[in-house]
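Counting from 1, the numbers follow the sequence of the chain as shown. In listed order, ligands and their atoms are each counted from 1.
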Amino acid sequence: MRLTSYFAPTLREVPAEAEVVSHQLLLRAGFIRKVAAGIYTLLPLGQRVCQKISAIVRQEMNRAGGQEILMPILQPAEFWHRSGRWEVYGPELFRLKDRHGRDFCLGPTHEEMVTILVAAEVRSYKQLPLLLYQIQNKYRDERRPRFGLLRGREFIMKDLYSFDRDWSGLEENYWKMYEAYTRVFTRAGLDFRAVEADTGAIGGSISHEFMALAEAGEAVVVYCPAARCGYAANVEKAETVLSAEEIGTEKPMELVSTPGVSSVEEVAAFLGLPSRQVIKTMIYRTEKGLVAALVRGDREINEVKLQNYLGVLELELASAEEVEQATGAPPGFAGPVGLSLPLVVDREVLLVKAGVVGANRPDAHWVNVLPGRDFPVERLTDIRQVSPGDPCPRCGQPLQSVRGIEVGQIFQLGDKYSKLLNAYFLDEKGEKQPIVMGCYGIGITRTLAAVVEQHHDEEGIIWPFSLAPFEAVVLPVHTEEPEQREVAEEVYRQLQERGVEVLLDDREERAGVKFKDADLVGYPVRVTVGKHAREGKVEIRWRRTGETWLAGKEEVGVKVSALLEGANFVPSNR
Ligand code: ATP
Ligand code: MG
């Protein structure tokens, strides 16, 4: 391919809305263009990388026994009514009507459709297990589409579904997929971690997320640094050891005046008590009404745990007016004593023997409050967010945390969808059993962006070989010099003949512009044809390290291939 006829428009300036590096670089280097919020066109360079990721994913899915299919994006609402998710999925689901007024949606995922397919075709245990997958656009009307390809409203996903006779079959396929995901992300050059995950709206029990470690990640991973432990979980799911520390000693409850003192830190300082002796009361709005959640003052509430416990679809902090209406006091003075809202109490709160809580009236708190005596603790559960330094739930070592981009997630679904959508089979004894399912997703476009987050420098992207849109670029420094042009053409042909994916930068641009663009796009290998062309020599440059070697023009093919194959390339003349 010649760059003069290749559609790879670079940008000098990136829009201010491009906050993260992958978004900026993919725009600047001409991989993507924005159409609308969370909706992008993949330009030829972007599409090439996407196809490489897809090819790796296909190989690994096929190797694990997957069979590729392609289901429609447009899904009848009827399927979603049957699973109960039409209501549950909420505003993220793109809904539309056909000309007859019938409801449809654009698939955000395909559990319903694939289960209905299998329900209609599979009768006997002899047809199981079955692993079906597709690579396709998915649609989610995300609340905050952002960060370019990292969180789109239209994006490309690989989704695989496993169908088994029993749980042990599911387990086997689940771990097979775990291995396959590990190979996919390793081959994509990602530094990643598989972590325990919450199952969210999809349902099911066991789940892992594959997190590409990156500052731009929206997820927080909590992990144990102890080499032999290996505990790692999404912070939404992470647990820690329940503190056994009793705080304060029982005394009768007492009302104290706390004028203008509302935050935990202020209250603790005002009363001369540690913040862990304060019991924090947060009021949330759900579709079932308001609820109050209580944690120790030095902890944060984990809203995912709270939401799972309550089994609600919506959970938002209540507004100041709602708090005032429910408690009779402005925010900051809410407390559980005499409050007529359901109280969800974190387990650790029980160990506070003389707590401080808001008095549900302005400028006042109760002190020496004893949970169980002064307010009910019927809804006692774990709703606290784990923080770095908390002990590992497995080995007790202090936990650490990093940010991650969720590039894939796998779930053990069990029989939730098969029962709802009537996917049964007859076992060896002729008895009807629900098919046991798993589902497994990889964000193809998100993986592309995650790779850029991890592989770049100030100059641009540094593609791992496995994903590079072109493996090499041949760059004549002065196109107007016939010698350089000719050698460049020769080297370009030679590389093409060897099957190297190569681009010839035949533009009549200043050398500086060409070098900058080559670094920006991130071709792993650059072959520079400059002043040594006269002696039949060119320079091979390794983008990742900036190392260069001079090579005779006739040996470029061999050397570049060797480099690409990861063979031991011993440069003869450094
Ligand atoms: P998130 O928590 O980031 O919203 P999710 O858990 O809802 O993602 P899944 O339903 O597990 O996503 O989808 C499988 C995979 O699809 C994810 O692991 C991710 O790689 C990708 N993905 C999900 N949502 C998006 C999106 N809005 N843009 C790009 N990729 C996405
Ligand atoms: Mg997920």
(message) So Tyr424 and Arg123, do their side chains get closer than 4.5 Å, heavy atoms only?
(response) no
Does any N or O of ligand 1 fall below 3.5 Å from an N or O anywhere on [X], backbone included?
X: Gly443; value: yes
X: Gly152; value: yes
X: Val407; value: yes
X: Glu209; value: no

(message) Please determine whether the number of non-hydrogen atoms from other residues, nucleotides or ligands lying under 6.0 Å from atom CD of Glu196 exceeds 12.
(response) yes
(message) Can you count the protein N/O/S atoms lying under 2.8 Å from the Mg ion (ligand 2), leaving waters out?
(response) 2
(message) Using heavy atoms and a 4.0 Å limit, tell me yes or no: is Thr445 in contact with ligand 1?
(response) no
Which side-chain N or O atoms in residues 8-17 pair as donor and acceptor under 3.5 Å with protein atoms at least two apart or in another chain?
{"residue": "Glu17", "atom": "OE1", "partner": "Lys34", "partner atom": "NZ", "Å": "3.1"}
{"residue": "Glu17", "atom": "OE2", "partner": "Lys34", "partner atom": "NZ", "Å": "2.9"}

Considering only heavy atoms of [X], which atoms of ligand 1 have at least one such atom less than 4.0 Å away?
X: Leu149; value: 29 (C)
X: Arg140; value: 5 (P), 7 (O), 9 (P), 10 (O), 12 (O), 13 (O), 23 (C), 24 (N)
X: Glu142; value: 24 (N), 26 (C), 27 (N)
X: Leu150; value: 28 (N), 29 (C)
X: Gln409; value: 6 (O), 11 (O), 18 (O)

(message) For atom 31 (C) of ligand 1, tell me which residue out of Phe210, Tyr139, Phe155 has the closest non-hydrogen atom.
(response) Phe155
Do the rings of [X] and [Y] sit parallel, tilted or perpendicular, given the 30° and 60° boundaries?
X: Tyr6; Y: Phe470; result: perpendicular
X: His23; Y: Tyr40; result: perpendicular
X: Phe210; Y: Tyr181; result: tilted
X: Tyr178; Y: His208; result: perpendicular

(request) Apply the side chain to side chain contact (heavy atoms under 4.5 Å, CB included) test between Leu421 and each candidate in Thr115, Leu117, Ile435, Val118; give the one that qualifies. (result) Thr115
(message) If we check side chain to side chain contact (heavy atoms under 4.5 Å, CB included) with Val291, which of these qualifies: Leu310, Leu341, Ile283, Leu343?
(response) Leu310
(request) Determine the minimum heavy-atom distance between Ala29 and Leu520, stating which atoms define it. (result) CB-CG, 3.7 Å
